[in-house]
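Nothing here was measured: the structure is a model prediction, and the numbers come from that model. All values below come from the heavy atoms of this structure, side chains included, with hydrogens, waters and symmetry mates left out.
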Amino acid sequence: QVQLVESGGGSVQAGGSLRLSCIVSPYADRAICMAWFRQVPGKEREGVASIKYSSGATYYADSVKGRFTISQDIAKNTLYLQMNSLMPEDTAMYYCAALDYGTVCPVEGAGSPYNYWGQGTQVTVSS
């Protein structure tokens with residue numbers, strides 16, 4: 001069983017930065033992949049970025065490439081999402097997710113392959 005707890009959300013002006021954190025318990029090495037998804041009320045959840053635990057390979061949605069960076073600190077069992085150059089359209093609830101089977105770390109779609117989810121942290125970007 002994997003538990004995920006996000007933090008780091010908040011309100012920021014356009015052009016600003018935030019760093020989200022996700023603490024993984026009991027151990028991050030139980031996950032094959034970790035990812036960040038986001039959702040706006042009334043819209044489908046969308047993938048933001050994913051990372052493969054064993055190799056550190058990263059994958060990004062086109063909408064965040066060049067602005068967001070996903071990373072992991074294995075010693076701290078923590079997943080991060082550094083978000084720079086934030087835009088109002090980045091406003092959403094951000095969720096940390098983990099997948100403990102398979103070999104791929106999908107970032108497309110609504111995240112149905114991921115079998116563990118955090119409670120979410122709200123990010124609000126004002127213009």
Mind checking what makes side-chain contact (heavy atoms from CB on, under 4.5 Å) contact with Ser63, not counting sequence neighbours? Arg38, Ala61

When hydrophobic residues are tied together by side-chain contacts of less than 4.5 Å, even through go-betweens, does [X] share a cluster with [Y]?
{"X": "Tyr80", "Y": "Tyr59", "value": "no"}
{"X": "Tyr94", "Y": "Val12", "value": "yes"}
{"X": "Tyr114", "Y": "Tyr101", "value": "yes"}
{"X": "Phe68", "Y": "Met87", "value": "no"}
{"X": "Val125", "Y": "Met83", "value": "yes"}

Go through the steps for Val123 and Leu20 under the test side chain to side chain contact (heavy atoms under 4.5 Å, CB included), then give the verdict. CA-CA 9 Å; Val123 171; Leu20 306 183; 4.0 Å; yes

How many angstroms lie between [atom1] in [X] and [atom2] in [Y], if you round to the nearest 0.5 Å?
{"X": "Cys105", "Y": "Leu99", "atom1": "SG", "atom2": "CG", "value": "7.0 Å"}
{"X": "Leu4", "Y": "Thr78", "atom1": "CG", "atom2": "OG1", "value": "11.0 Å"}
{"X": "Ile70", "Y": "Thr58", "atom1": "CD1", "atom2": "OG1", "value": "7.5 Å"}
{"X": "Trp36", "Y": "Ser50", "atom1": "CH2", "atom2": "OG", "value": "13.0 Å"}
{"X": "Ser71", "Y": "Asp73", "atom1": "OG", "atom2": "CG", "value": "8.0 Å"}
{"X": "Gln13", "Y": "Thr124", "atom1": "CD", "atom2": "OG1", "value": "12.5 Å"}

Identify, with sequence neighbours excluded, every residue that meets salt bridge (charged side-chain N to carboxylate O under 4.0 Å, His left out) alongside Lys43. none

Given Ile51, which of Val107, Leu79, Leu81 fulfils the side chain to side chain contact (heavy atoms under 4.5 Å, CB included) condition? Leu79

Taking only residues two or more places apart in sequence or in another chain, which ones pass side chain to side chain donor-acceptor pair (under 3.5 Å) with Ser7? none

Let's go through Trp117 and Phe37 carefully: what are the C-alpha distance in whole Å and the side-chain angles of both, what is the deciding distance for ring pair (Phe, Tyr, Trp, His ring centres under 6.0 Å) to 0.1 Å, and is it a yes or a no? CA-CA 10 Å; Trp117 293 85; Phe37 285 78; 5.2 Å; yes

Please assess Asn84 against Ser17 for the test side chain to side chain donor-acceptor pair (under 3.5 Å), listing each intermediate value before the final yes or no. CA-CA 4 Å; Asn84 298 328; Ser17 299; 2.9 Å; yes

If you apply the rule side chain to side chain donor-acceptor pair (under 3.5 Å), what do you find for Tyr116 with Asp100, and how did you get there? CA-CA 8 Å; Tyr116 299 101; Asp100 64 0; 3.2 Å; yes

So which heavy atom on Cys96 is nearest to which on Met34, and how close? SG-CE, 3.7 Å

Can you check whether Gln82's main-chain N or O pairs, donor with acceptor, with Arg19's side chain at less than 3.5 Å? no

Would you say Gln72 and Tyr53 make side-chain contact, with heavy atoms under 4.5 Å? yes

I want to check something: taking the side chain as every heavy atom from C-beta on, are Tyr95 and Cys22 in contact at a cut-off of under 4.5 Å? no

Gln122 CD: over 12 foreign heavy atoms closer than 6.0 Å: yes

